[in-house]
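For reference, positions follow the sequence shown, starting with 1.
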Amino acid sequence: MECLCWVVGFLLLAARLPLVAAKRFHDVLGNERNPGSVREHNQLHGWTSDESNWDEKLYPVWKRGDARWKSSWKGGRVQAVLTSSSPALVGSNITFAVNLVFPRCQKEDANGNIVYEKSCRNDSSLSPELYVYNWAAAWPEDSEGGAGHHVFPDGKPFPRPHGWRKWNFVYVFHTLGQYFYKLGRCSVMTSINTANLTLGPQVMEVTVYRRHGRAYIPIAQVRDVYVVTDQIPVFVTMSQKNDRNVSDETFLRDLPIIFDVLIHDPNHFLNQSSIYYKWNFGDNTGLFVSNNHTLNHTYVLNGTFNLNLTVQASVPGPCPSPSTLPKPTPSSVPVGDNATELREIPDEDCQINRYGYFEATLKIVEGILEINIIQIADVPRPVLQPENSLMDFTVTCEGTIPREVCTVISDPTCQFAQDVVCNSVDANDACVLTVRRAFRRAGRYCVNFTLGDDASLAFTSTLVSITSKDAASPFRTVSAALISGSCLAILVIVITVLVYRKHKKYKPIENSAEKVVKGPQVVLSHTEAVFFPGNQEKNPLLKDRSGVL
């Protein structure tokens with residue numbers, strides 16, 4: 001009887017030995033999985049259960065921290081960078097991309113070999129050889145019929161499309177208890193459909209192997225979190241003229257705010273969908289419904305307002321059975337907006353309504369709404385500075401009183417700044433400033449004026465023409481400007497009318513009976529201001545520098 005027990009025990013032990021010795025994919029790729037994690041997942045198309053056996057002899061397995069990782073690549077460690085198109089709307093495809101980053105001065109050549117870059121060849125610390133790995137030289141040793149080591153970890157042979165011999169890396173992807181492998185070069189991509197995936201965050205792990213004779217050596221591991229959601233990923237950009245800081249969600253009263261909705265849909269899943277945008281700006285103006293992703297809205301009162309946007313997309317697709325419908329994630333879904341709604345249509349397809357939501361709290365304040373140059377006048381030449389030409393610019397604005405004024409004097413194209421002067425402004429009841437600026441030499445200049453306070457930044461630009469001045473002959477200055485103007489008179493009149501009609505919204509200098517512009521140079525300035533409206537730079541230079549208002 002005792003002998004029989006020994007025999008039975010030996011048979012049980014022998015039956016268990018293969019199970020203990022054989023490694024499986026989840027042993028190699030899922031080392032960080034919690035012991036109690038659920039392994040029941042829907043089958044991914046083209047993927048295999050990680051219960052399959054892993055050929056550890058052909059593909060050795062190293063744990064994190066193993067000293068062999070340090071010598072798995074010549075010249076240092078290879079980094080694998082994993083990115084995805086997450087978050088992915090359920091039903092769409094999510095794409096994963098892996099890119100290998102080699103040690104300094106190494107790159108992959110056209111034949112799939114790893115070589116040293118020529119620009120680094122003079123570095124004494126590098127090997128004098130051209131190749132880091134010359135895999136192409138090893139291929140002739142392989143039989144054309146197919147070597148036994150040209151297989152993946154589960155024993156399946158490599159695919160052999162044209163150029164497959166240049167693919168010297170094996171990428172093994174692992175997620176949701178399943179694996180997928182791919183032969184490739186220094187970067188690969190793969191996609192999975194999310195129609196049957198569980199909503200929420202998931203983990204993708206990738207292990208990369210390189211060719212090493214008749215075996216493969218692990219060189220990098222990487223993992224990343226991706227998200228599957230039943231809500232349309234939505235983001236809204238907001239911009240406004242004269243708004244000083246576009247990221248603080250503080251905007252100006254009485255100026256339109258441009259709202260632009262961005263939907264994260266890199267795989268174009270919603271291309272064939274009807275999309276509607278429902279806006280509630282929180283200022284008792286009602287609900288706005290539009291099929292355009294951009295919308296302008298103007299707040300006419302100061303205060304704090306809650307912006308709410310609901311995006312609805314009708315996605316065509318087959319009608320799923322009730323048991324396979326994903327459960328909506330908890331969210332602040334307005335009454336009547338279910339995350340998943342089905343509407344049957346005659347051809348046995350369904351329209352699946354998906355929703356996305358965006359909320360923001362906007363602060364509306366007063367600011368500088370508009371700035372105008374109403375007068376430009378010559379200043380008599382100072383005795384101590386005969387080489388400088390001085391001009392006075394009278395600037396007005398609408399809205400709040402500015403705290404600072406900056407002047408940028410640049411070339412006629414308004415591209416290259418030559419002088420920047422900024423001054424603080426004393427508060428007064430009206431926004432009328434006389435700014436005096438000096439010009440060191442004759443020529444044409446683009447002059448930009450920027451008025452700012454805590455919340456706003458308004459600017460305008462104009463062109464001025466400075467002529468050379470002779471203290472002994474003041475008539476020479478006037479006559480030179482008049483001659484220049486007379487030569488261009490006819491051309492000025494014709495082109496000014498045409499360009500004004502085209503650019504009538506841009507008024508660098510207001511023309512009216514009450515706004516007088518003095519000086520013969522300014523006649524040319526008016527004309528050039530219409531011809532060359534400047535680049536209307538969004539970020540004028542602001543520097544603390546003494547100047548004269």
Side-chain angles (χ1 to χ4, degrees), residues 21-31 47-48 50-82 96-103 106-109 111-115 131-161 163-175 178-190 204-223:
K23 285 208 176 282
R24 302 187 181 187
F25 272 76
H26 65 78
D27 297 326
V28 177
L29 305 176
N31 292 328
W47 290 55
T48 308
D50 61 9
E51 295 292 337
S52 303
N53 289 338
W54 176 284
D55 188 345
E56 189 176 5
K57 182 178 180 181
L58 193 59
Y59 290 84
V61 178
W62 301 339
K63 295 183 179 180
R64 293 180 182 271
D66 194 309
R68 288 174 290 182
W69 283 105
K70 297 181 180 180
S71 59
S72 64
W73 188 271
K74 294 180 184 178
R77 290 291 303 271
V78 175
Q79 299 294 325
V81 179
L82 172 62
F96 299 89
V98 183
N99 292 279
L100 300 182
V101 180
F102 301 115
Q106 297 183 14
K107 68 176 184 179
E108 186 181 53
D109 68 7
N111 295 317
N113 298 308
I114 309 301
V115 298
Y131 291 97
V132 182
Y133 293 102
N134 185 5
W135 285 303
W139 281 111
E141 300 176 2
D142 299 331
S143 63
E144 292 296 329
H149 59 279
H150 292 164
V151 296
F152 291 110
D154 59 1
K156 294 182 180 178
F158 288 167
R160 299 198 174 193
W164 74 280
R165 292 176 182 271
K166 299 179 181 179
W167 302 345
N168 295 294
F169 298 99
V170 177
Y171 298 81
V172 186
F173 295 81
H174 181 242
T175 188
Q178 299 165 68
Y179 71 88
F180 175 82
Y181 40 61
K182 197 166 187 177
L183 193 65
R185 300 184 61 171
C186 63
S187 63
V188 298
M189 297 178 64
T190 188
M204 174 66 75
E205 299 173 295
V206 182
T207 302
V208 187
Y209 284 79
R210 68 167 174 87
R211 287 191 56 204
H212 180 69
R214 295 182 176 272
Y216 299 86
I217 298 296
I219 60 171
Q221 288 182 326
V222 65
R223 65 202 312 261

Closest approach of P103 to G75 (non-hydrogen atoms, all atoms of both residues): CB-O, 3.5 Å
About how many Å separate CG of N168 and CG of N113, when rounded to the nearest 0.5 Å? 7.0 Å
Let me see the working for K182 and W167 under side-chain contact (heavy atoms from CB on, under 4.5 Å), right down to the final yes or no. CA-CA 10 Å; K182 197 166 187 177; W167 302 345; over 6 Å; no
For the CD atom of Q221 and the CZ atom of R64, what is their distance to the nearest 0.5 Å? 5.5 Å
So, the side chain of Y171 versus the backbone of M189: is there a donor-acceptor pair under 3.5 Å, distance only? no
Measure the spacing between CG of D109 and CD1 of I114 and express it to the nearest 0.5 Å. 7.5 Å
Working to the nearest 0.5 angstrom, can you tell me the gap between S72 OG and R210 CZ? 6.5 Å
Side chain proximity check, V208 to P218, heavy atoms < 4.5 angstrom: no
Side-chain donor or acceptor of W47 paired with backbone N/O of F173 under 3.5 Å: no
Tell me the closest heavy-atom pair linking K23 and V28, and the distance in Å. CD-CG2, 4.3 Å
Between Y133 and K74 (side chain of the first, backbone of the second, donor and acceptor by atom type, cut-off under 3.5 Å), is there such a pair? yes
By salt bridge (Lys or Arg N to Asp or Glu O under 4.0 Å), which residues pair with D66, not counting sequence neighbours? R68
Which class fits the ring pair W164 and F158: parallel under 30°, tilted 30 to 60°, perpendicular over 60°? perpendicular
For W54 and R24: C-alpha separation, side-chain torsions, deciding distance, then whether side-chain contact (heavy atoms from CB on, under 4.5 Å) applies. CA-CA 5 Å; W54 176 284; R24 302 187 181 187; 5.7 Å; no
The criterion is salt bridge (Lys or Arg N to Asp or Glu O under 4.0 Å); which residues satisfy it with R185, sequence neighbours excluded? E108
Spacing of SG belonging to C186 relative to CG belonging to L100, to within rounding of 0.5 Å: 6.5 Å
Ignoring hydrogens, what is the shortest heavy-atom contact between T175 and M204? Give both atom names and the distance. CG2-CE, 3.6 Å
Pair D154, Y179: side-chain N/O donor-acceptor within cut-off below 3.5 Å: yes
Taking it one step at a time, do K107 and V115 satisfy side-chain contact (heavy atoms from CB on, under 4.5 Å)? CA-CA 6 Å; K107 68 176 184 179; V115 298; 4.0 Å; yes
Could you tell me whether the side chain of F152 reaches within less than 4.5 Å of the side chain of P159, counting heavy atoms only? yes
Correct closest heavy-atom pair for P157 and V151 would be CA-CG1, 3.8 Å
Give, for atom CG of D50 and atom NE2 of H174, the distance between the pair rounded to the nearest 0.5 Å. 3.5 Å
Specify whether W73 and F102 have parallel, tilted or perpendicular ring planes, treating 30° as the upper limit for parallel and 60° as the lower limit for perpendicular. parallel
V172 vs L29, test: side-chain contact (heavy atoms from CB on, under 4.5 Å). Steps then yes/no. CA-CA 9 Å; V172 186; L29 305 176; 3.4 Å; yes
Suppose we screen for ring pair (Phe, Tyr, Trp, His ring centres under 6.0 Å). Which residues come up paired with W69, at least two apart in sequence or across chains? W62
Angle between ring planes, Y216 versus Y59, binned at 30° and 60°: parallel, tilted or perpendicular? parallel
Using every non-hydrogen atom in the two residues, find where T48 and K156 come nearest and quote the distance to one decimal. OG1-NZ, 4.4 Å
Minimal non-hydrogen separation, S187 against N99, with atom names: CB-OD1, 3.1 Å
